[in-house]
Novice: 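Questions regarding the structure given below will be posed in turn.
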Amino acid sequence: MRIRTVAAGAGLGATALLTVTACVGGPERRVGIEEIKASASAAEAARQDVLQDTARRPEAPTGTARTELLAALRKAAPDTVRYEDEAIEAARDQCQSLNHGAYKPDWFAAQHFTYQDVKTTEAQGKTINEALKASGFCVIEQPS
């Protein structure tokens, strides 16, 4: 009984191996050098897109730059800096929205700067956008 099981198992394994080999080894599955180059080019283009998106979102400021950004936000909408770390992340997110050409930038600012018990209006969002641009924190890229 044991020999039959092993033999049957070995037979199934060989059949599966032949099936896989037949699928992979057929002439219709051969990959040419041009296809490999095209695939590599597509991968590089995708990597560049990721890098560009990352570049559109500013790094979290430290030191004086952080203090200046918080002061600009405090002047635009005082409650937004109640939670400083949240305000910094919201500012980074809003810069990214502005760089992506947000359809309603003031509304997006209101959404980004509404957290915990801080409620931000669309009018405050407009003031925040102006402050982010004027402070130099958001460098808005012009579409090419």
Side-chain angles (χ1 to χ4, degrees), residues 5-144:
T5 304
V6 173
L12 288 175
T15 303
L17 182 60
L18 288 174
T19 303
V20 170
T21 304
C23 291
V24 175
E28 67 278 359
R29 295 298 300 154
R30 290 189 183 157
V31 178
I33 191 72
E34 293 305 317
E35 191 175 340
I36 292 171
K37 286 180 180 177
S39 178
S41 294
E44 178 60 21
R47 189 178 80 77
Q48 290 299 323
D49 286 345
V50 168
L51 291 174
Q52 185 178 14
D53 284 347
T54 302
R56 292 180 175 180
R57 186 172 193 259
E59 291 294 319
T62 58
T64 305
R66 178 183 169 95
T67 303
E68 289 172 356
L69 175 59
L70 290 170
L73 291 172
R74 184 175 289 110
K75 186 175 180 183
D79 283 347
T80 61
V81 296
R82 186 177 305 156
Y83 306 102
E84 292 181 355
D85 291 338
E86 293 279 342
I88 295 296
E89 288 305 307
R92 295 176 68 208
D93 290 341
Q94 184 59 19
C95 287
Q96 189 170 28
S97 291
L98 292 171
N99 269 317
H100 282 285
Y103 174 66
K104 296 173 75 176
D106 302 338
W107 180 84
F108 272 103
Q111 301 306 302
H112 287 137
F113 286 89
T114 294
Y115 35 80
Q116 295 181 26
D117 58 340
V118 175
K119 304 292 181 230
T120 305
T121 66
E122 198 167 332
Q124 289 173 315
K126 180 177 181 157
T127 308
I128 289 169
N129 283 333
E130 292 166 359
L132 289 172
K133 292 174 190 175
S135 71
F137 181 69
C138 284
V139 177
I140 309 303
E141 297 173 6
Q142 299 302 319
S144 39

Novice: So, taking the atom named OG1 in Thr127 and the one named CG in Leu132, what distance separates them when rounded to the nearest 0.5 Å?
Specialist: 11.0 Å

Novice: Please check this pair: side chain of Asn129 against backbone of Pro105, looking for a donor-acceptor N/O pair closer than 3.5 Å.
Specialist: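 Yes.
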
Novice: Is there a side-chain contact between Lys126 and Glu130 in this structure, where contact means two heavy atoms from C-beta onward sitting under 4.5 Å apart?
Specialist: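 Touching, per the 4.5 Å side-chain cut-off.
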
Novice: Could you grab the distance from atom CZ of Phe137 to atom CD1 of Ile88, nearest 0.5 Å is fine?
Specialist: 6.5 Å

Novice: With sequence neighbours excluded, what pairs up with Arg74 under the side-chain hydrogen bond (donor to acceptor under 3.5 Å, both in side chains) test?
Specialist: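 Listed in chain order: nothing, the list is empty.
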
Novice: Mind checking side-chain hydrogen bond (donor to acceptor under 3.5 Å, both in side chains) for Glu89 and listing every partner two or more places apart, or none if nothing turns up?
Specialist: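 Partners of Glu89 by the side-chain hydrogen bond (donor to acceptor under 3.5 Å, both in side chains) criterion, ordered by chain and then number, come out as Arg57, Arg92.
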
Novice: Verify the neighbour count for atom NZ of Lys75: are there more than 12 heavy atoms of other residues, nucleotides or ligands below 6.0 Å?
Specialist: no

Novice: Kindly compute the distance separating CG (Leu98) from CZ (Phe108), expressed to the nearest 0.5 Å.
Specialist: 10.0 Å

Novice: Looking at every heavy atom in both Ile128 and Thr80, which two are closest together, and how far apart are they?
Specialist: CD1-CG2, 3.9 Å

Novice: Do the non-hydrogen side-chain atoms of Asp117 and Tyr83 ever get within less than 4.5 Å of each other?
Specialist: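 Yes, at least one pair of side-chain atoms sits under 4.5 Å.
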
Novice: Of all heavy-atom pairs between Phe113 and Ala91, which one has the smallest distance, and what is that distance?
Specialist: CZ-N, 3.5 Å

Novice: Keeping Gln94 on the side-chain end and Ala109 on the backbone end, is there a donor-acceptor pair under 3.5 Å?
Specialist: yes

Novice: State the SG-NZ distance between Cys95 and Lys133, to the nearest 0.5 angstrom.
Specialist: 10.0 Å

Novice: For Gln124, what residues pass the side-chain hydrogen bond (donor to acceptor under 3.5 Å, both in side chains) criterion, not counting sequence neighbours?
Specialist: Thr121

Novice: Enter the distance from Thr120:OG1 to Asp106:CG here, rounded to the nearest 0.5 Å.
Specialist: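 Between Thr120 OG1 and Asp106 CG, I get 12.5 Å after rounding to 0.5 Å.
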
Novice: CG of Asp85 to CZ of Arg66: how many Å apart, nearest 0.5 Å?
Specialist: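 Asp85 CG to Arg66 CZ: 5.0 Å, rounded to 0.5 Å.
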
